[in-house]
Amino acid sequence: MTFHDRMRMTPLCGYDPADMKISKSLFVTKKEEPADAEVRSHALMVRAGFIQQIAAGIYVYGPLMWRVLRKIETIVREEHDRAGCQELLMPALQPRELWEESGRWERYVADKILYHFEDGRGREVCLGPTHEEVITNFVKGRITSYKQLPQNLYQIQTKFRDETRPRFGLMRGREFVMKDAYSFDASAEGMAASYAVMRDVYRNIFTRCGVRFTPVEADAGAIGDAASEEFMVDADTGEDAIAVCRTTGYAANTEKAVSKISAPPEPEAEVAMHKEPTPAAKSCEDLRALFPDLPLERMLKTILYRATWLDRDQVVAVMCRGDREINTIKLQNALDCLAVELADEKTVKAVTGAAVGFAGPIGLADDVRLMADASVEGVKGFLCGGNETDTHYLDVYFGRDLEQPETHELGLVQSGDATVDGEGTIEITRGIEVGHIFQLGTKYSEAMDCRFADENGKLQPFHMGCYGIGVSRTAAAAIEQGHDDGGMIWPLPIAPYHVMIIQMRAGDEAQEGLAQELHDQLEAQGIEVLWDDRKMGAGGKFKDADLVGIPMRVVVGRDAADRKVEWKPRTGGEVEVISADDVLARVQAAFDA
RNA sequence: CGGGGUGUACCUCAGUGGUAGAGGGGAAGCUUUGGGAGCUUCCAGUCGCGGGUUCGAAUCCCGUCACCCCGACCA
């Protein structure tokens with residue numbers, strides 16, 4: 001790929017902007033970090049003036065930030081357009097009726113995620129958190145024949161979600177910039193093909209953005225019911241835990257991940273079930289102290305949850321091996337309920353008749369639904385709670401002492417687990433979810449009665465896919481991944497400017513002239529230059545340059561009269577004195593690297 | 001929604017019942033000019049808001065709001 005091809009890849013705009021002299025622009029940085037910013041990306045963006053908080057999770061994107069967002073958007077648009085997707089723009093304001101059609105109004109209101117209110121004439125509307133309803137409605141009656149398929153439509157727009165706990169700056173906002181795309185196909189196979197195309201589009205986008213990322217298998221959550229993958233920017237500060245295996249290449253969100261469950265050790269001899277006093281032994285750890293010879297794998301804990309459906313709720317008891325944990329997402333999916341939360345102390349006492357810590361499968365209240373994680377299978381001679389304070393049963397056998405409850409894969413993968421194929425070992429790392437792709441199937445097209453005529457003239461529901469990218473979150477993730485003590489380190493393709501020229505002395509004729517010459521020469525090649533011509537001390541200029549993280553720095557200083565300048569990449573290089581005539585070549589080399 | 005924390009100048013913060021403070025920042029001037037330089041002068045606050053106690057409240061009490069953190073929740 002030539003330099004000029006690369007330059008075309010992330011144009012910021014189609015017109016020639018004026019000289020970008022800092023002295024003439026609104027460029028305001030702070031010496032001190034905001035006290036309320038916990039994560040690096042947030043603190044640096046505020047300090048560098050990229051964003052300003054207006055309320056929890058609501059921000060102004062300043063001029064430099066906006067340039068970054070537009071660059072990401074440009075990459076997103078180019079890759080979508082190249083794959084045959086078409087851009088459109090849907091309304092943020094949406095009527096309740098549309099959401100009633102898909103049946104999501106109730107759930108989103110119950111989850112308190114939806115901004116909704118009455119308009120002046122008493123009609124209920126919401127601010128769109130996502131656009132399946134609108135796009136499905138748009139397509140309805142517009143795509144009427146299989147001959148028009150497949151289609152993929154996308155938009156880049158501000159989304160609104162009333163997050164109960166917005167946090168970490170742009171990482172989780174209540175208002176944020178998102179790209180959402182929706183595919184329409186005639187069949188499940190077609191949908192899978194569209195999905196596969198989008199997977200490549202996403203890989204290309206994040207590769208071009210210059211972030212390190214991992215695609216992982218994901219839980220589809222409330223939005224879909226089939227295959228789904230997330231694109232995670234690798235970062236220790238990420239909110240998501242992901243299970244990866246270096247040997248097999250397996251990668252999945254821990255919400256979804258599965259692992260091979262080790263075989264439980266066999267008891268030495270079969271003994272009749274018996275009840276034992278276990279004073280104050282509420283946890284497996286406490287029990288180990290009492291029964292040092294009993295391995296954790298043969299202690300089955302029983303955890304009580306309250307599951308909620310639209311019209312009811314129920315206490316659910318879940319058995320699980322002592323060395324494993326329950327994954328509540330999997331539990332929620334197995335129950336097909338809206339929410340699952342740990343039962344409170346009062347409930348536990350009511351259904352077990354015992355203090356918290358002694359729940360077991362035998363003698364639970366009748367209205368409790370008993371389930372088990374797959375890890376209990378084949379466990380013999382186990383310990384479990386006695387449903388009586390300070391009491392456990394020992395040497396319990398499924399089949400002999402009680403029926404094995406309905407069993408599902410409900411476990412949480414743990415670091416060190418073997419992969420399902422037994423070929424490798426799982427490690428838990430963290431990431432920031434910047435993209436998520438789903439196969440929706442006919443969920444929305446059926447619910448909203450959105451159909452096309454097939455080859456036989458029969459009406460069929462569309463097979464849909466939906467594909468999201470958090471644009472503003474991607475920018476934050478890039479900083480989370482690229483920063484040092486001095487400030488941000490932008491990847492070249494999404495940096496607000498490519499080159500920072502520091503003119504050491506404002507008003508110095510030789511410096512002014514050389515800086516102008518370099519500026520004009522670079523801009524003529526489509527290279528974006530931020531020119532620090534401010535009348536201030538050198539220290540401040542260097543600090544600011546490090547802070548805003550422009551990838552390349554050219555210092556025009558005392559040797560300007562000799563056409564000598566200093567060259568330094570923001571990271572990974574030392575200061576070099578070079579001829580001003582070599583600057584363009586250096587910049588081009590950086591683009592070609 | 002549970003738990004914890006913080007609200008004082010544009011920013012970062014000090015100030016435990018008696019006149020509202022510092023540093024940064026901004027303005028003016030002089031001196032400086034290669035990693036936030038120095039000196040002088042100036043600018044800047046309804047101490048989140050409401051109520052109460054008190055001769056007197058930034059400070060004590062009650063309420064309320066906002067923001068941050070942990071958890072729950074989260075296309």
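Order of the sequence lines sets the chain letters (A, B, ...), proteins ahead of strands, with each chain counted from 1.
A:Thr474 pairs with exactly one of A:Ile469, A:Leu69, A:Ile205, A:Leu170 by the side-chain contact (heavy atoms from CB on, under 4.5 Å) rule, that one being A:Ile469. The salt bridge (charged side-chain N to carboxylate O under 4.0 Å, His left out) test with A:Glu409 singles out one residue from A:Lys256, A:Lys330, A:Arg324, and that residue is A:Lys330. With A:Phe462 as the partner, the side-chain contact (heavy atoms from CB on, under 4.5 Å) test is satisfied by one option alone out of A:Asp185, A:Val139, A:Leu440: A:Val139.
For the P atoms, the distance linking B:C74 with B:C47 amounts to 43 Å, nearest Å. Going from the P atom of B:A20 to that of B:A9 covers 15 Å, rounded to whole Å. Separation of the P atoms belonging to B:G4 and B:C43 is 44 Å when rounded to the nearest angstrom. Of the P atoms belonging to B:U53 and B:A57, the separation is 11 Å, rounded to the nearest Å. For the C1' atoms, the distance from B:G2 to B:C61 is 26 Å, rounded to whole Å. Comparing B:A44 with B:U64, their C1' atoms are spaced 29 Å from each other, to the whole Å. Here the separation of B:G38 from B:U32, taken at their P atoms, is 15 Å to the nearest Å. B:G34 and B:U40 have their P atoms separated by 23 Å, given to the nearest Å.
The main-chain N or O of A:Thr237 is never found under 3.5 Å from a side-chain atom of A:Glu480 such that the two would form a donor-acceptor pair. Looking only at distances, no side-chain donor or acceptor of A:Asp562 sits under 3.5 Å from a matching main-chain atom of A:Lys564. Between the side chain of A:Arg473 and the backbone N or O of A:Glu433 there is at least one donor-acceptor pair closer than 3.5 Å.
Taking the six-membered ring for Trp and the full ring otherwise, the centers of A:Trp99 and A:His116 sit at least 6.0 Å from each other. With ring centers used as reference points, A:Tyr154 lies under 6.0 Å from A:His80.
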Please list each protein N or O that sits under 3.5 Å from an N or O in nucleotides 70-72 of chain B, with the distance.
| residue | atom | partner | partner atom | Å |
| --- | --- | --- | --- | --- |
| B:C70 | OP2 | A:Arg165 | NH1 | 3.4 |
| B:C70 | OP2 | A:Arg165 | NH2 | 2.0 |
| B:G71 | N7 | A:Arg165 | NH1 | 3.3 |
| B:A72 | N1 | A:Thr164 | OG1 | 3.0 |

Produce the list of close N/O pairs, under 3.5 Å, pairing protein atoms with atoms of nucleotides 8-10 of chain B; give distances to one decimal.
none

Find every protein N or O atom lying less than 3.5 Å from an N or O atom of nucleotides 37-45 of chain B, and list the pairs.
none

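For the segment residues 542-551 of chain A, residues with any heavy atom less than 4.0 angstrom from an atom of RNA chain B are, sorted by number, A:Phe542, A:Lys543, A:Asp544, A:Asp546. Annotation: proximity of residues 499-510 of chain A to RNA chain B (heavy atom, distance under 4.0 Å) is found for A:Met504, A:Arg505, numbered in ascending order. At a non-hydrogen distance threshold of 4.0 Å, A:Arg558, A:Glu566 from residues 558-575 of chain A come into contact with RNA chain B.
The nucleotide B:A9 finds no pairing partner, because no Watson-Crick or G-U wobble arrangement with both distances shorter than 3.5 Å includes it. Figure legend. B:G17 is base-paired to no nucleotide; pairs are counted as Watson-Crick or G-U wobble with both atom distances under 3.5 Å. With a 3.5 Å ceiling on both atom-pair distances, B:G34 lacks any Watson-Crick or G-U wobble partner. Of all nucleotides present, none satisfies the Watson-Crick or G-U wobble test against B:A58 with each distance under 3.5 Å. Shown here, B:G63 forms a base pair with B:C49; the pair counts as Watson-Crick or G-U wobble because both key distances fall under 3.5 Å. Of the nucleotides present, B:C70 is the one that pairs with B:G2 by Watson-Crick or G-U wobble criteria, both distances under 3.5 Å. With a 3.5 Å ceiling on both atom-pair distances, the Watson-Crick or G-U wobble partner of B:U40 is B:A28.
If you take NZ of A:Lys535 and P of B:A28, they are 12 Å apart, rounded to a whole angstrom. For A:Asp484 and B:G35, the CG to C1' distance is 14 Å, given to the nearest whole Å. Regarding A:Asp485, its CG atom lies at a distance of 19 Å from the P atom of B:G35, rounded to whole Å. We find that CG of A:Asn333 is positioned 14 Å from C1' of B:C74, with the value rounded to whole Å. The separation between A:Arg104 atom CZ and B:C74 atom C1' is 14 Å, rounded to whole Å. A:Glu163 places its CD atom 13 Å from the P atom of B:C69, with the value rounded to the nearest Å. Atom P of nucleotide B:G26 and atom CD of A:Glu32 are separated by 13 Å, given to the nearest angstrom. Straight-line distance from the CE atom of A:Met45 to the C1' atom of B:C11: 18 Å, rounded to whole Å.
Taking 4.5 Å as the limit, every side-chain heavy atom of A:Asn152 sits out of range of all side-chain heavy atoms of A:Phe184.
Between A:Lys112 and A:Met178, the residue anchored closer to the 5' end of RNA chain B is A:Lys112, taking for each the nucleotide with the nearest heavy atom. Residues A:Gly540 and A:Arg172 each lie close to RNA chain B; by heavy-atom proximity, the contact nearer the 5' end of the strand is made by A:Gly540.
Applying the 6.0 Å contact sphere to NZ of A:Lys568 captures more than 12 heavy atoms from other residues, nucleotides or ligands.
Shortest non-hydrogen contact noted between A:Gly169 and A:Tyr59 is CA-OH, 3.2 Å. Closest approach of A:Ile156 to A:Leu89, counting heavy atoms only: O-CD1, 4.0 Å.
Among the heavy atoms of the strands, none lies under 4.0 Å from A:Arg473. A:Glu239 comes within 4.0 angstrom of no nucleic acid atom, judged by non-hydrogen atoms across all strands.
Taking the charged nitrogens against the carboxylate oxygens, A:Glu229 and A:Arg199 do have a contact shorter than 4.0 Å, which makes a salt bridge. Salt-bridge annotation for A:Glu517 and A:Arg563: present, with a side-chain N of the basic residue lying under 4.0 Å from a carboxylate O of the acidic one. A salt bridge links A:Asp544 to A:Arg534: at least one charged side-chain nitrogen sits closer than 4.0 Å to a carboxylate oxygen. A salt bridge is defined here as a Lys NZ or Arg NE, NH1 or NH2 lying under 4.0 Å from an Asp or Glu carboxylate O, and A:Arg306 with A:Asp313 meets this definition. Under the 4.0 Å criterion applied to side-chain N and carboxylate O atoms, A:Arg77 and A:Glu87 are assigned as salt-bridge partners. A:Glu132 has a carboxylate O that lies under 4.0 Å from a charged side-chain N of A:Arg104, or vice versa, which qualifies the two as a salt bridge.
A:Phe438 and A:His436 have parallel rings, their planes meeting at less than 30° on a 0 to 90° scale where 60° marks the start of perpendicular. Ring geometry, A:Tyr195 versus A:Tyr467: the interplanar angle falls from 30° to 60°, so the pair is classed tilted. Classified by interplanar angle (parallel below 30°, tilted 30° to 60°, perpendicular above 60°), the ring pair A:Phe160/A:Tyr115 is perpendicular.
Of the candidates B:C74, B:C11, B:G36, B:G36 carries the atom nearest the A:Arg47 side chain, counting heavy atoms from C-beta on.
Residue A:Gln332 places no side-chain N or O under 4.0 Å from the OP1 or OP2 atom of B:C73.
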Q: Apply the test side chain to side chain donor-acceptor pair (under 3.5 Å) to residues A:Thr347 and A:Asp344: give CA-CA distance (whole Å), side-chain angles for both, the deciding distance (0.1 Å), then the verdict.
A: CA-CA 5 Å; A:Thr347 308; A:Asp344 57 25; 2.5 Å; yes

